[in-house]
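In what follows, a structure is listed as structure tokens, so that the remarks can point back to it.
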Amino acid sequence: MIDLKKLRDDPARFEKGAKAKGSSVDIQRLLELDEARRKLTVAQEACRAEQKRISKEMGPELGKRKGMLKKAEGEEKARLESEIAELEARPSALKAEIHAFDEQIAANEPEWRDLLLAIPQPPADDVPIGASSDDNVELSQWHPDGFDPAIPFAEQRGFAPKTHVELIDSLDLVDFERGVKMAGSRSYVLKGDGMRLHQAMLRYAFDFMTQENGFTPMNVPVIVREECMVGTGFFPGGRDQAYHVEESRRGAGQDLFLTGTGEVGLMGYHADEIIDRSELPITYTTVSTCFRREAGAAGKDTAGLYRVHQFDKVEQVVIHEADEEEHRAWHRKMIGYVETMLQRLELPYRLLQCCTGDLGTKNEDMIDVECWIPGRGKDGPDGRPTGDWGETHSASRLSDFQTRRLNLRYRDENKRTVFPYALNNTVLASPRILIPMLEIHQQEDGTILIPEPLRPYMGDLERIG
RNA sequence: GGAGAGGUGGCGGAGCGGUUGAACGCGCCAGUCUCGAAAACUGGUAUGGCCUCCGGGUCAUCGAGGGUUCGAAUCCCUCCCUCUCCGCCA
């Protein structure tokens with residue numbers, strides 16, 4: 001959520017930001033509604049103040065007369081009744097007025113709220129303008145000795161690569177057919193060494209964050225209330241991407257939603273709290289199952305493990321003091337963790353600066369990490385894919401957008417409450433990461449060589465197959 | 001799932017229709033005392049919105065929302081949550 005005060009001060013900044021993100025939200029309309037709302041509130045508060053004053057002044061008198069009225073008869077009764085009517089006249093009128101204001105305020109509340117939640121966080125000034133992911137800008141590349149994505153796979157490895165789907169099939173690592181039988185399209189079953197590798201990678205990534213980088217390990221709910229989804233900025237915009245558990249239809253008061261990322265639980269954890277400054281920065285990591293409907297992605301990445309409804313992800317989240325420089329430093333640091341890990345896993349990757357059109361509502365900056373996937377991309381003359389980059393990580397800088405929505409604050413050195421800044425980044429998402437993993441580390445004989453760091457997590461297994 | 005109890009400030013805990021944003025205690029902060037500390041004493045100690053001639057003013061908030069009333073922490077309704085006992089169960 002954006003800061004309404006900042007919006008009033010500088011609407012042009014937000015209009016420019018919304019445009020750059022390709023949002024058509026009507027900011028002028030929100031300003032109008034907000035102005036009307038404040039005018040009504042001021043007028044209503046004046047009425048309330050008077051009502052309060054009158055009530056304190058004459059309330060007890062009124063109470064006394066009402067008490068006497070019960071016993072009174074004849075002339076005295078008539079006198080009391082008229083006195084009471086006189087005393088009640090003004091407050092009654094005020095009450096009606098206040099009620100009328102209430103109705104007016106309530107009438108424009110839904111539209112006001114919807115607009116406020118829909119206004120995107122303006123991108124940082126140095127984020128390149130662009131319409132879609134096609135306009136993202138490559139920042140850097142890394143590849144291990146012995147494999148350069150710029151050179152065709154066969155040329156440097158001496159054999160034609162299999163796609164991950166083919167490898168999975170020949171090594172019996174995943175059962176798509178039975179997955180679909182049980183749970184529909186985009187479902188799968190990891191089995192045997194497929195499951196072992198999946199677990200090994202998650203466990204390695206989790207230990208890397210908690211043991212080497214000191215992040216606090218967490219396990220958080222993956223089925224949450226709507227406020228969590230709104231607070232973290234996924235709703236209302238991404239409502240159709242989340243699985244909806246309609247508990248209300250079974251008599252419960254509230255519906256629940258399956259989270260698409262551990263970020264929801266890690267950020268929602270401190271919602272509505274005022275954290276002590278000494279607790280910052282907060283660094284959390286979780287491994288959680290993620291659920292995504294992938295609505296609107298029909299026909300995209302249908303084969304294999306790239307785009308699935310359910311996966312597991314190690315996620316990192318940082319909450320720190322509201323400071324621009326620190327914010328950027330953490331962003332680099334969190335991306336650095338991922339780079340270190342991918343280098344140890346010997347997976348070629350590149351960093352992509354996402355353009356404004358690819359940021360989504362909540363981010364002010366986002367850098368994606370893409371791994372090289374030989375079995376992806378356009379087909380070559382031999383009818384085989386020529387390889388392409390595939391997104392495996394996404395590092396977001398959110399400034400105070402999320403903490404404001406979550407009402408998560410800290411107290412600064414002047415004892416004032418401030419919304420801290422938050423970031424999140426994937427550490428490792430599997431099974432998607434298995435795609436580059438299997439394809440890059442495949443050997444000519446069809447086996448998969450397991451990178452050193454993962455072996456302890458697989459009973460010292462050196463290769464699959 | 002059944003039966004019961006209850007949700008008040010950082011915590012404990014009063015209040016149960018009329019200056020109650022809320023007694024009292026603890027905690028915390030500042031001051032006095034002290035070489036310093038402890039103790040004691042004194043004072044202070046919620047969050048948010050809006051308005052502001054920047055002195056302040058004002059409204060809201062006692063789990064959440066709605067209602068009754070001139071007036072609600074107090075009465076009514078709905079929901080959420082916690083606890084105890086029983087049942088079921090990974």
Side-chain angles (χ1 to χ4, degrees), chain A residues 1-9 30-31 33-70 80-110 112-113 116 219 221-231 245-257 268-279 289 400 403-420:
Chain A
M1 183 156 61
I2 53 128
D3 185 349
L4 255 179
K5 273 187 209 147
K6 285 185 182 153
L7 179 73
R8 287 200 287 264
D9 288 347
L30 176 63
L31 288 168
L33 286 170
D34 183 52
E35 167 121 32
R37 184 186 162 88
R38 275 182 298 135
K39 274 191 177 148
L40 288 168
T41 308
V42 168
Q44 186 189 42
E45 280 181 8
C47 288
R48 281 221 165 100
E50 192 182 349
Q51 182 190 49
K52 238 180 168 175
R53 194 179 54 76
I54 292 172
S55 177
K56 275 178 187 170
E57 210 171 75
M58 60 158 72
E61 284 298 309
L62 193 53
K64 201 161 79 186
R65 280 177 176 74
K66 280 194 174 172
M68 284 159 68
L69 185 63
K70 282 182 191 159
L80 284 168
E81 273 173 348
S82 83
E83 276 178 14
I84 288 169
E86 201 181 311
L87 284 169
E88 280 187 353
R90 256 207 303 171
S92 288
L94 280 171
K95 191 186 172 186
E97 238 178 292
I98 290 166
H99 194 72
F101 279 125
D102 259 341
E103 278 176 359
Q104 289 181 68
I105 292 166
N108 85 17
E109 154 91 26
W112 176 84
R113 170 151 293 281
L116 181 59
N219 179 278
V222 295
I223 169 167
V224 302
R225 296 202 166 144
E226 186 160 8
E227 302 92 88
C228 266
M229 299 300 277
V230 173
V245 184
E246 294 188 293
E247 281 296 284
S248 62
R249 291 174 65 171
R250 310 170 70 179
Q254 284 200 15
D255 283 355
L256 296 164
F257 297 85
Y269 184 65
H270 288 295
D272 294 315
E273 291 182 18
I274 299 175
I275 294 167
D276 196 86
R277 181 162 163 257
S278 63
E279 289 176 54
T289 302
D400 63 0
T403 55
R404 189 181 296 279
R405 281 200 187 213
L406 286 165
N407 194 30
L408 191 176
R409 292 157 292 167
Y410 73 97
R411 222 173 269 290
D412 71 5
E413 62 272 27
N414 301 315
K415 305 250 177 199
R416 300 177 73 117
T417 54
V418 182
F419 293 105

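Keep in mind that the numbers below use all heavy atoms, side chains included, and drop hydrogens, waters and symmetry copies. All figures in this text were calculated on a predicted structure; none of them were measured in a lab.
- Comparing the same atom, P, in B:rA60 and in B:rG55 gives a spacing of 26 Å after rounding to whole Å.
- If you take atom C1' in B:rU58 and the same atom in B:rG65, they sit 25 Å apart, rounded to whole Å.
- Rounded to whole Å, atom C1' of B:rC79 lies 12 Å from atom CD of A:Glu227.
- Counting heavy atoms from C-beta on, the side chains of A:Met1 and A:Arg404 come closer than 4.5 Å.
- Straight-line distance between the P atoms of B:rG87 and B:rC76: roughly 33 Å, to the nearest whole Å.
- When A:Thr403, A:Ile275, A:Leu406 are each tested for a side chain to side chain contact (heavy atoms under 4.5 Å, CB included) with A:His270, only one passes: A:Ile275.
- The residue A:Arg416 sits apart from the nucleic acid: no heavy atom pair falls under 4.0 Å.
- Contact annotation: A:Gln51 side-chain N/O to B:rG71 OP1/OP2 distance is under 4.0 Å.
- Using atom C1' as the reference point in both B:rA90 and B:rU20, the two lie 49 Å apart (nearest Å).
- When Watson-Crick and G-U wobble pairs are counted only if both distances are under 3.5 Å, B:rA64 pairs with B:rU78.
- Rounded to an integer number of Å, the gap from A:Arg225 CZ to B:rG65 C1' is 14 Å.
- Between A:Arg37 and A:Glu109 there is a salt bridge, since a side-chain N of the basic residue sits under 4.0 Å from a carboxylate O of the acidic one.
- Separating the C1' atom of B:rU69 from that of B:rU42 is a span of 43 Å, rounded to the nearest Å.
- A sub-4.0 Å separation between OP1 or OP2 of B:rU69 and a side-chain N or O of A:Lys95 is present.
- Shown here, B:rA73 forms no base pair; nothing in the strands shown gives a Watson-Crick or G-U wobble contact with both key distances under 3.5 Å.
- Only the P atoms considered, B:rG10 is 30 Å distant from B:rU78, to the nearest whole Å.
- Going from the C1' atom of B:rC62 to that of B:rA14 covers 12 Å, rounded to whole Å.
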Short N/O separations, protein against nucleotides 46-53 of chain B, under 3.5 angstrom:
residue: B:rU47; atom: OP1; partner: A:Arg411; partner atom: NH1; Å: 2.5
residue: B:rU47; atom: OP1; partner: A:Arg411; partner atom: NH2; Å: 2.8
residue: B:rU47; atom: O3'; partner: A:Arg409; partner atom: NH1; Å: 2.8
residue: B:rU47; atom: O2'; partner: A:Arg409; partner atom: NH1; Å: 3.4
residue: B:rG48; atom: OP1; partner: A:Arg409; partner atom: NH1; Å: 3.2
residue: B:rG48; atom: OP1; partner: A:Thr417; partner atom: OG1; Å: 2.2
residue: B:rG49; atom: N2; partner: A:Glu45; partner atom: OE1; Å: 2.6
residue: B:rG49; atom: N2; partner: A:Glu45; partner atom: OE2; Å: 2.4
residue: B:rC50; atom: OP1; partner: A:Arg8; partner atom: NH2; Å: 2.9
residue: B:rC51; atom: OP1; partner: A:Arg38; partner atom: NH1; Å: 2.6

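- In this structure, the CG atom of A:Asp255 is 11 Å from the P atom of B:rC80, given to the nearest Å.
- In this model, no donor atom of one side chain and acceptor atom of the other lie less than 3.5 Å apart for A:Asn407 and A:Arg405.
- Side chain of A:Lys52, nearest nucleotide from B:rG67, B:rG71, B:rA60: B:rA60.
- In terms of heavy atoms, A:Ile98 sits closest to A:Cys47 at CG1-CB, 3.6 Å.
- The partner of B:rC85 is B:rG2, judged by Watson-Crick or G-U wobble contacts that both fall below 3.5 Å.
- With A:Asp34 as the fixed residue, the side chain to side chain contact (heavy atoms under 4.5 Å, CB included) test singles out one of A:Asn108, A:Leu4, A:Leu7: A:Leu4.
- With a cut-off of 3.5 Å on both pairing distances, B:rA90 has no Watson-Crick or G-U wobble partner at all.
- B:rG55 has its base syn relative to the sugar, with a glycosidic angle deviating from 0 by at most 90°.
- Comparing B:rG27 with B:rC75, their P atoms sit 33 Å apart, to the nearest whole Å.
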